[in-house]
Amino acid sequence: MTMDRSQGRVQRPANDAAPVATASGHRGLVLEEALIFEQGQVGRTGVDLPEPTAMLSRLGGLDRQGAIGLPGLAEPQVVRHFTRLSQKNYGIDSGFFPLGSCTMKHNPRLNEKMARLPGFGDIHPLQPESTVQGALALIHELAHWLTTLTGMPAVALSPAAGAHGEFCGMAAIRAALAARGDVRRRVLVPESAHGTNPATAAALGYEVDPIPATARGRVDLAAFKAKLGSDVAATMITNPNTCGLFEDEIQEIAHLIHGAGGFFYCDGANFNAIVGRVRPADLGVDAMHINLHKTFSTPHGGGGPGSGPVVLSADLAPYAPLPMVVLEGDRYRVVETADGSAAATFGRLKAFHGQMGMFVRALAYMKSHGADGLRQVATDAVLNANYVLARLKGRLTASFDGPTMHEALFDDRFLKDTGVSTLDFAKALIDEGFHPMTMYFPLVVHGAMLIEPTETESKEAIDQFCDTVLSLAERAASEADAFHASPRLTPRRRLDETQAARKPTLRWTPPALPAAAE
Ligand SMILES: *Cc1c(COP(=O)(O)O)cnc(C)c1O
């Protein structure tokens, strides 16, 4: 297959027919892989250990009677099994990953090296403080970068992901309201919000009151004003929002919610679009989580855990969760109990300090970029998204006019009358070697396709993706059947995704053993 850049079109060989069936079930060098239990044989083993001698059983008669049921395999079988599984995993190291809202950027290898330093990688959270002063210093320094970049006075580091951070920030807001004897009932959440926002508000016992979007893809200020009242605890607003647009009336919104006695929770998952350029404190934010695994490049999804620190205003800081790292003289101390300066804490979210490995990676990312480099990150992320928008909007239908921030939103109007849906389009992209964009989110436009290239993709990579998307858009009308059958080249074709999500089969059931001969 050749790519004709000048035409922006992919030229396909004439014999690009339906995939062939193979005798083995393998295709190319992509191998079908049975479960390890199905490969195991009773009695086969990869080790040869001497029989233990004179071992006294201390199980008091509780020894297992039946077989343990673990698969028996030789070492090469085990190595192949896990290597093959690892090759089935598509990740940011394999190719372009344009999932809007997820910020799938490159994870610099320097960060990995730092996280593996024994002083960070081999320590235990229950070690005496005196033996982990360096690690505590790193946590303290990360806190300094986060509060400086956001302009906020305090940060709680223990939340384990964005959604957990939302829970932390909203729990601090609830505690602050309770402390002033002000029980409030409602939380205002825009219709374009990430699903975690209403879920967080509901998990804390609040009633979620949706705010519609305007034709410009922003919060409808008139509707917001109409919904305000003395029973509104907070509003949760994402900025830049999930349409990839900056909420340009955000200061007015902050002013209004404060005037009504409520708090402004900002979902900061999209901070990568404004880091180094906008300080959330200047917008009137009271609490905001930051996804270290998005903005600050720590691996996520299949690659690692999230980390969702929450910056807090001075009013909310006293309610922050334990533990906290404080500097006393030249020693770092971990505050573990609800007394002294931490007397008002709302409690504890997590056993220990948070995702230490992600703290190391995020700080390595910050320090290797420097303040000017972080500002450049936002600039380039926005530039790349606008390049995607500019290249595609003539053929696809952009949902809103004007430039975008870090991601470009399209809807399915361009597929009207083709018989091809957003889902078909995304599946066809898989055959072309691209992970699909985010589909059907945000909900405020029909058949959404949300594309986030991030700043770490080269112009060549983005061009290749855009060429492919444009070629698919051109073929949609005439090749609808092929789209419906996509993906055609993957080991598995269309899956019943609803069934897979609702009723996952997570357990292997051994086949019934043949009845033993008497
Ligand atoms: C990713 C994201 C979240 C949730 O973060 P997790 O780390 O996945 O829990 C919340 N809001 C927005 C806008 C996001 O993009």
Side-chain angles (χ1 to χ4, degrees), residues 92 97-105 107 146 156-171 187 189-204 208 210-211 213 217-219 234-247 250 264-275 280 285 287-311 349-350 354-355 357-359 361-362 378 381 385 404-409 437-445 448-454:
I92 189 64
F97 213 133
L99 268 188
S101 202
C102 296
T103 314
M104 306 304 291
K105 62 167 80 171
N107 315 125
L146 292 173
L157 287 160
S158 62
H164 205 202
E166 290 173 32
F167 189 90
C168 173
M170 290 299 292
V187 171
V189 182
E191 279 172 354
S192 64
H194 196 268
T196 51
N197 294 183
T200 296
L204 282 154
V208 177
I211 322 163
R218 272 98 172 167
V219 169
T235 185
M236 298 181 79
I237 293 180
T238 310
N239 197 26
N241 69 23
T242 55
C243 300
L245 303 171
F246 194 83
E247 292 284 355
I250 199 70
F264 174 16
Y265 185 90
C266 183
D267 179 330
N270 296 336
F271 192 47
N272 62 313
I274 55 173
V275 60
V285 167
M288 180 180 100
H289 74 267
I290 296 164
N291 298 50
L292 297 187
H293 48 293
K294 292 179 180 170
T295 302
F296 299 110
S297 84
T298 69
H300 62 132
S307 181
V310 182
V311 288
L349 284 172
K350 205 172 182 308
Q355 309 284 26
M358 297 304 149
F359 296 167
R361 288 173 176 87
T404 191
M405 295 293 289
H406 60 297
E407 53 197 356
L409 178 61
M437 64 287 270
T438 291
M439 297 180 289
Y440 299 107
F441 175 81
L443 306 175
V444 290
V445 302
M449 299 185 189
L450 185 62
I451 302 173
E452 179 174 9
T454 83

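One-based numbering, in listed order, for ligands and for the atoms of each.
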Among the heavy atoms of [X], does any lie under 4.0 Å from an atom of ligand 1?
X	value
G162	yes
K294	yes
S101	yes
H164	no

Would you call [X] and [Y] a side-chain contact if the rule is heavy atoms closer than 4.5 Å?
X	Y	result
L146	F271	no
C243	V444	yes
K105	K294	no

Problem - S307 versus Q355, side-chain donor and acceptor atoms under 3.5 Å - result: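 Per modelled atom types, Q355 and S307 side chains form no pair under 3.5 Å.
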Handout entry: Side-chain donor-acceptor pair present, N239, E247, cut-off under 3.5 Å
Key =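 Absent: no donor and acceptor within the cut-off.
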Quick one: nearest non-hydrogen protein atom to [atom], plus distance?
atom	value
atom 5 (O) of ligand 1	N291 ND2, 3.0 Å
atom 8 (O) of ligand 1	H293 NE2, 4.4 Å
atom 4 (C) of ligand 1	H194 CE1, 3.8 Å
atom 13 (C) of ligand 1	D267 OD2, 3.5 Å

Find all atoms of ligand 1 within a distance of less than 4.0 Å from any non-hydrogen atom belonging to [X], and give their numbers and elements.
X	result
A269	2 (C), 11 (N), 12 (C), 13 (C), 14 (C), 15 (O)
T238	13 (C)
A161	7 (O), 9 (O)

Exercise for the section: Report the C-alpha distance between L99 and T438 in whole Å, list the side-chain angles of each, state the deciding distance to 0.1 Å, and finish with yes or no for side-chain contact (heavy atoms from CB on, under 4.5 Å). Expected result: CA-CA 5 Å; L99 268 188; T438 291; 3.3 Å; yes
Handout entry: Candidate pair I211 and T235, rule side-chain contact (heavy atoms from CB on, under 4.5 Å), full reasoning
Key = CA-CA 10 Å; I211 322 163; T235 185; 4.1 Å; yes
Problem - Selection residues 264-273 - residue pairs positive for side-chain hydrogen bond (donor to acceptor under 3.5 Å, both in side chains), sequence neighbours left out - result: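 Counting only pairs at least two positions apart or across chains, the side-chain hydrogen bond (donor to acceptor under 3.5 Å, both in side chains) contacts touching residues 264-273 are N197-D267, Y265-H289, D267-H289, N270-H406, N272-E452.
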Exercise for the section: Check each of T200, N241, T196 against atom 10 (C) of ligand 1 and report the one with the nearest heavy atom. Expected result: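 Ranked by closest heavy atom to atom 10 (C) of ligand 1, first place is T196.
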Practice task
Show your working on side-chain contact (heavy atoms from CB on, under 4.5 Å) between L409 and T404 and close with a plain yes or no.
Solution key: CA-CA 8 Å; L409 178 61; T404 191; over 6 Å; no
Exercise for the section: Report yes if T242 has an N/O atom closer than 3.5 Å to an N/O atom of ligand 1; otherwise report no. Expected result: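 No, since none of the N or O atoms of T242 sits under 3.5 Å from an N or O of ligand 1.
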Handout entry: ligand 1 N/O within reach of A163 N/O, cut-off under 3.5 Å
Key =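 So ligand 1 has an N or O lying under 3.5 Å from an N or O of A163.
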Handout entry: Distance in Å, T242 OG1 paired with H194 NE2, rounded so as to fall on 0.5 Å steps
Key =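 Answer rounded to 0.5 Å: 8.5 Å.
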Problem - ligand 1 contact on H300 by region, counting heavy-atom pairs under 4.0 Å - result: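 For H300, no heavy atom sits under 4.0 Å from ligand 1.
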